[in-house]
There are 2 protein chains.
Amino acid sequence: MKTDFEILNFFKELNSNCSTVIKRTFSKGETITTYIEKRAQLCILMSGTANLIRYDFNGNKTIIGQFTKDEIFGEILYPTNTNNELFVEAKESCDVLFFNYNNIITGCTKKCKIHQELKNNIFTLIMKNTIKLNTRIELLTKKTIRDKLLTYFNISSYKNFDRTFVLPFSLTDLADYLSVDRSAMMRELARLKNEGFIKKQGNKITLLIK
Amino acid sequence: MKTDFEILNFFKELNSNCSTVIKRTFSKGETITTYIEKRAQLCILMSGTANLIRYDFNGNKTIIGQFTKDEIFGEILYPTNTNNELFVEAKESCDVLFFNYNNIITGCTKKCKIHQELKNNIFTLIMKNTIKLNTRIELLTKKTIRDKLLTYFNISSYKNFDRTFVLPFSLTDLADYLSVDRSAMMRELARLKNEGFIKKQGNKITLLIK
DNA sequence: AAAAATCTGTTGCAAAAGCAACAAAAACAT
DNA sequence: ATGTTTTTGTTGCTTTTGCAACAGATTTTT
């Protein structure tokens with residue numbers, strides 16, 4: 001499978017006379033897209049970070065997903081069966097590519113040479129996204145906050161080849177990601193620290209157990 | 001996007017002299033595949049149902065995913081960062097197609113005509129799988145069992161075009177799917193019934209509220 | 001440099017969920 | 001048809017979690 005680096009480079013150099021792509025830049029707080037209309041949209045985040053946000057009928061805002069560089073998202077990957085309104089909001093300045101799924105499958109009208117590669121790369125990004133979703137499900141299915149945290153820390157240390165790692169986002173974001181109450185999570189973190197499972201200085205965590 | 005029916009027919013007729021596919025049948029209880037070795041495997045379930053099962057270090061068995069007809073699975077879609085042993089086990093008799101991801105991306109050596117269509121169909125199945133995973137995440141991120149159940153019921157009734165629907169699996173399986181304690185879920189179901197939110201006769205549920 | 005907004009950390013209390021154990025019903029197998 | 005296994009349904013008790021509220025630290029904005 002291609003590396004993120006190779007794929008990102010492909011998209012950077014993607015010639016815009018290939019009819020299937022639009023490039024846009026968004027500044028912090030702007031809405032990149034919504035999942036309301038159904039137009040088979042696929043988006044690739046070239047730089048920056050963005051949140052997938054749900055406003056429920058009470059107007060409560062919930063962060064239900066986070067996207068970073070190289071990641072793919074868009075309403076075509078999302079179920080239509082909820083009546084919630086979903087928005088993707090730039091958390092910081094973002095460069096985004098927009099595609100249409102049908103154009104990708106059928107091939108663009110100009111039959112540009114790179115179209116085949118485009119398809120393969122999007123394929124690969126969607127597979128990576130699947131792995132990301134399965135990882136999150138693995139965490140969400142753990143029954144206790146402690147288990148969620150320890151599993152998350154294990155995965156992080158595995159990825160980082162080091163028992164010590166820095167969280168890629170704030171503790172508030174981590175609570176959203178694990179779908180637990182932030183204060184309850186902080187309490188559990190304090191316990192893990194007291195009981196000698198972890199060391200913690202700000203967002204830098206060290207796992208002290210296997 | 002193609003319908004499940006069209007895709008299933010394509011795979012049924014997939015000529016086996018296309019080098020990329022192997023077909024096998026499994027009877028109830030047999031292990032279809034494991035996610036231990038890394039050989040870029042992708043599997044399509046042609047008939048039957050199967051469970052994705054984890055045995056943790058204590059030997060506890062947990063059902064972490066369920067697959068039915070037309071669905072795609074396989075270790076290539078799953079993160080490598082956990083040291084758990086994962087198995088896909090036939091819950092009933094199953095017909096399964098096995099592919100290799102790299103063969104699909106690069107094209108088979110015989111350059112058979114249907115290879116392009118094969119790729120598109122697998123692409124589509126993976127997208128459907130993404131939607132399925134996002135649906136489950138939506139449920140798992142709900143904070144209470146009541147919220148999980150009501151959201152699940154809403155989605156089911158939406159899909160079924162009817163406030164009344166039959167669960168596609170047992171209540172025990174539903175508890176696994178929502179990752180909650182079965183007895184706690186039963187308690188909550190009883191409350192929802194008493195409070196007039198639902199009607200329930202065995203696995204047949206009717207939503208009585210919006 | 002000051003003001004505003006966000007994030008971190010802590011705690012008491014109430015609500016929710018997990019666990020364990022058991023009996024009855026239903027499904028499956030011999 | 002009979003015995004076995006799985007599923008459903010219920011309940012008491014304990015643990016975990018969410019909620020609310022607050023203070024201090026840090027970051028961002030003006």
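We name chains A, B, ... by the order of the sequence lines, and we start the count at 1 in each one. This is a predicted model, so every value here is computed, not measured.
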Within a 6.0 Å radius of atom CD1 on A/Ile22, are there more than 12 heavy atoms belonging to other residues, nucleotides or ligands? no
Side chain A/Asn51, main chain A/Lys91, donor-acceptor under 3.5 Å: no
Minimum heavy-atom separation for B/Lys128 to B/Ile7, with atom names? CE-CD1, 4.2 Å
Contact summary for B/Leu45 and B/Ala50, nearest pair of heavy atoms: CD2-N, 4.1 Å
Before accepting this row, confirm whether a basic side-chain N of the pair B/Arg54/A/Glu138 lies closer than 4.0 Å to the acidic partner's carboxylate O. yes
For the pair made of CD1 in B/Ile198 and P in D/dG9, what is the distance, rounded to whole Å? 10 Å
Atom-pair distance (CG on A/Leu178; P on D/dG18), nearest Å: 11 Å
Flag, side chain of A/Asn154 to backbone of A/Leu150, donor-acceptor distance under 3.5 Å: yes
Protein proximity profile, nucleotides 23-30 of chain C - base contact B, sugar-phosphate-only contact S, no contact -, cut-off 4.0 Å on heavy atoms: --------
Gap between atoms CE and C1', on B/Met185 and C/dA17 respectively (whole Å): 13 Å
If we ignore hydrogens and angles and just use 3.5 Å, is the side chain of B/Tyr35 paired with the main-chain N or O of B/Gly74 as donor and acceptor? yes
Whole-Å distance, B/Asp176 CG to D/dT7 C1', equals 13 Å
Compare the minimum distances between each of C/dG18, C/dA16, D/dT16 and the side chain of B/Asp181, then state the nucleotide with the smallest one. C/dG18
Whole-Å distance separating the NZ atom of A/Lys143 from the C1' atom of D/dT17: 15 Å
Polar side-chain atom of B/Arg136 near backbone of B/Tyr177 as donor-acceptor pair, under 3.5 Å: yes
Interatomic distance where CZ belongs to B/Arg146 and P belongs to D/dG18 [whole Å]: 17 Å
B/Lys193 NZ to D/dG9 C1', straight-line distance once rounded to whole Å: 10 Å
Please check this pair: side chain of B/Glu30 against backbone of B/Ser27, looking for a donor-acceptor N/O pair closer than 3.5 Å. yes
Distance check needed: D/dT6 P versus B/Leu174 CG, whole Å only. 20 Å
Generate the contact string for nucleotides 5-13 of chain C. Rules: B means base contact, S means sugar-phosphate contact only, - means no protein heavy atom under 4.0 Å. --SBBBBBB
